[in-house]
Student: 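Structure incoming, see below.
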Amino acid sequence: MKTSESIIEISKALSKFQEQAEQPAKSADNPFFKSKYVPLESVISAVKKHAPKLGLSYIQIPLTEENKVGVKTILMHASGEFVEFDPFMLPLDKNTAQGAGSALTYARRYTLSAAFGIASDEDDGNSASGNTKPSNKNQAKQQTQNNNLASDAQRKAIFAKAKVVGEPFGHDAKYVLESYKVTDTKSMSKGEASALIKKLEAEIEAQKQVN
């Protein structure tokens, strides 16, 4: 970050701006993360409402770098003082005009909000940079894991058979399962549940032979 030799006046103006500025509404929807954020036009509107009368203005310069786009934001004051923020760059997963435009809009909104102290909520950052596939993969992975968990029928069978195993000794199903080092059947996989059911069935058959 670069600044003018003095930033006294611009600091005073920014302080007054933050006292007067109202938080813009989060009116834009992020469909990927089911959240809301403040769109760029609302951030600009909030800035323009108070900044000019306090001698504050800004410029945002679009930048490109290999497979990245971004912006350099410079905050200025009528006194000649300025604060130049470091470039904010975003990678492009897809080198298309739409992808570049979305990333640039996000970069402008993010840096302008930061410069003026406006909370715009950055939840749509993954959408801007095209990073929505990992989220979809995580959801698919979670769904796969859930599908692999022991079914209700398996869990009921485990408790029923464990109860039968423990009855001759006055033990309940929980005691029997703990002897098998099982404390939570909800986290068991279908394969683990099936293996435990076979062990319990074998124990029941063994008891029948003894009797």
Student: Could you verify whether a donor N or O on one side chain and an acceptor N or O on the other, from Glu81 and Ser6, lie under 3.5 Å apart?
Tutor: yes

Student: Does Thr185 have any side chain to side chain donor-acceptor pair (under 3.5 Å) partners at least two apart in sequence or in another chain, and if so, which?
Tutor: Arg155

Student: Do Leu40 and Leu104 sit in the same hydrophobic cluster, where Ile, Leu, Val, Met, Phe, Trp and Tyr count as joined when their side-chain heavy atoms come under 4.5 Å apart?
Tutor: no

Student: Going by salt bridge (Lys or Arg N to Asp or Glu O under 4.0 Å), name the residues that satisfy it together with Lys163, two or more places apart in sequence or in a different chain.
Tutor: none

Student: Give the minimum heavy-atom separation between Ser57 and Leu75, together with the two atoms involved.
Tutor: O-CD1, 3.5 Å

Student: Donor-acceptor pair, distance only, cut-off 3.5 Å: does the side chain of Thr105 make one with the backbone of Gly101?
Tutor: yes

Student: Taking all atoms of both residues into account, what is the closest heavy-atom pair of Gly70 and Ala107, and its distance?
Tutor: CA-CB, 4.3 Å

Student: Look at the side chain of Ser15 and the backbone N and O of Ser11, then say whether any donor-acceptor pair between them is shorter than 3.5 Å.
Tutor: no

Student: Give the cluster check for Leu112 versus Ile118: same hydrophobic cluster or not, with ILVMFWY residues linked at side-chain heavy-atom distances below 4.5 Å.
Tutor: yes

Student: Is any side-chain heavy atom of Pro91 less than 4.5 Å from a side-chain heavy atom of Asn67?
Tutor: no

Student: Can you find a heavy atom in the side chain of Phe159 that is under 4.5 Å from one in the side chain of Leu177?
Tutor: yes

Student: Hydrophobic side-chain clustering at under 4.5 Å (ILVMFWY, transitive links): who's grouped with Ile8? Put none if nobody.
Tutor: none

Student: For Ala21, what residues pass the side-chain contact (heavy atoms from CB on, under 4.5 Å) criterion, not counting sequence neighbours?
Tutor: Phe17, His50

Student: For Ser194, check side-chain contact (heavy atoms from CB on, under 4.5 Å) against everything at least two apart and list the hits.
Tutor: Gln154, Lys198

Student: Between Leu200 and Ile158, is there a side-chain heavy-atom distance shorter than 4.5 Å?
Tutor: yes

Student: Answer yes or no: is there a side-chain heavy-atom contact under 4.5 Å between Lys48 and Ile44?
Tutor: yes

Student: Look only at the side chain of Lys190 and the backbone of Leu149, and say whether a donor-acceptor pair between them is shorter than 3.5 Å.
Tutor: yes

Student: Check Ser187 against Asp184 and note the closest heavy-atom contact, atom names and distance.
Tutor: OG-O, 3.3 Å

Student: For Leu14 and Ala115, which heavy atoms make the closest approach, and how far apart are they?
Tutor: CD2-O, 3.9 Å

Student: With sequence neighbours excluded, tell me which residues meet ring-ring contact (aromatic ring centres under 6.0 Å, His included) with Phe88.
Tutor: Tyr110

Student: What residues form a side chain to side chain donor-acceptor pair (under 3.5 Å) with Lys72, not counting sequence neighbours?
Tutor: Glu84

Student: Going by the rule side chain to side chain donor-acceptor pair (under 3.5 Å), which residues pair with Lys68 if we only count those two or more places apart in sequence or in a different chain?
Tutor: none

Student: Using side-chain heavy atoms (C-beta onward) and a distance below 4.5 Å, is Val43 in contact with Phe116?
Tutor: no

Student: Side-chain contact, heavy-atom cut-off 4.5 Å: Lys161 with Val165?
Tutor: no

Student: Should Phe85 and Gln60 be marked as a side chain to side chain contact (heavy atoms under 4.5 Å, CB included) after you check the CA-CA gap, both sets of side-chain angles, and the distance that decides it?
Tutor: CA-CA 10 Å; Phe85 296 89; Gln60 290 188 297; over 6 Å; no

Student: Taking the side chain as every heavy atom from C-beta outward, state whether His77 and Lys12 have any atom pair closer than 4.5 Å.
Tutor: no

Student: Please list all pairs meeting side chain to side chain donor-acceptor pair (under 3.5 Å) that have one or both residues in residues 167-177, counting only residues at least two apart or in different chains.
Tutor: none

Student: Rest of the hydrophobic cluster containing Ile74 (Ile/Leu/Val/Met/Phe/Trp/Tyr, side-chain heavy atoms under 4.5 Å)?
Tutor: Ile59, Ile61, Leu63, Met76, Phe82, Met89

Student: What are the two closest non-hydrogen atoms of Ala157 and Ile197, and how far apart are they?
Tutor: CB-CD1, 4.0 Å

Student: Run the ring-ring contact (aromatic ring centres under 6.0 Å, His included) test against Tyr58 and tell me which residues pass, sequence neighbours left out.
Tutor: none

Student: So, using side chain to side chain donor-acceptor pair (under 3.5 Å) as the criterion, who are the partners of Gln18 when residues are at least two apart?
Tutor: none

Student: Side-chain contact, heavy-atom cut-off 4.5 Å: Val83 with Met1?
Tutor: yes

